[in-house]
Amino acid sequence: MPPESYLAITTDLNALKLSYPKSAQGNLLQISSLPSYPIGGGTVILLNPSGELAESFEYDEALHHHF
């Protein structure tokens, strides 16, 4: 992925496209399951195919959508 780009990862591609119609042209990936993301915060880690750290992101409660 080039810098400043995004990838939306979902377990239901159709539901994502219905909820966010403009996402249909985006960079999307459907996978069978996702881990839980506690509201209080945590770290998301992405590994490359060889198991090395590709990216990490720390989040907290302030980043969660109110819905």
Side-chain angles (χ1 to χ4, degrees):
M1 291 177 54
E4 306 288 325
S5 64
Y6 70 91
L7 171 65
I9 302 171
T10 181
T11 58
D12 190 339
L13 198 53
N14 291 327
L16 179 73
K17 289 178 180 181
L18 285 172
S19 296
Y20 302 95
K22 292 182 179 180
S23 71
Q25 304 303 319
N27 195 9
L28 310 173
L29 175 65
Q30 181 171 312
I31 60 176
S32 60
S33 65
L34 286 167
S36 66
Y37 295 99
I39 292 174
T43 304
V44 178
I45 297 173
L46 299 177
L47 304 176
N48 66 20
S50 62
E52 298 169 327
L53 178 67
E55 187 69 58
S56 66
F57 175 75
E58 291 188 31
Y59 69 95
D60 62 27
E61 187 173 355
L63 294 174
H64 279 269
H65 193 278
H66 63 275
F67 290 124

> Who pairs with Glu52 by side-chain contact (heavy atoms from CB on, under 4.5 Å), at least two apart in sequence or on another chain?
Replying inline: Asn48, Ser50

> Can you name the residues that form a side-chain contact (heavy atoms from CB on, under 4.5 Å) with Ser19, not counting sequence neighbours?
Replying inline: none

> Going only through I, L, V, M, F, W and Y residues with side-chain contacts under 4.5 Å, is there a path from Leu29 to Leu34?
Replying inline: yes

>> Is there a path of hydrophobic side-chain contacts, each under 4.5 Å between heavy atoms of I/L/V/M/F/W/Y residues, joining Leu63 to Tyr6?
In response: no

Under 3.5 Å, which donor-acceptor pairs do the side chains of residues 7-17 form with other protein atoms, sequence neighbours left out?
from, atom 1, to, atom 2, distance (Å)
Thr10, OG1, Asp12, N, 3.0
Thr10, OG1, Asp12, O, 3.3
Asp12, OD1, Asn14, N, 3.3
Asp12, OD1, Ala15, N, 3.0

> Distance from Thr43 atom OG1 to Glu58 atom CD, nearest 0.5 Å?
Replying inline: 4.0 Å

> Between CD1 of Ile45 and CD of Glu55, what distance do you get to the nearest 0.5 Å?
Replying inline: 11.0 Å

>> Once ring-ring contact (aromatic ring centres under 6.0 Å, His included) is applied, do any residues pair with Tyr59, and if so which ones, sequence neighbours excluded?
In response: His64

>> Once ring pair (Phe, Tyr, Trp, His ring centres under 6.0 Å) is applied, what residue pairs with a partner in residues 8-58 remain, sequence neighbours excluded?
In response: none

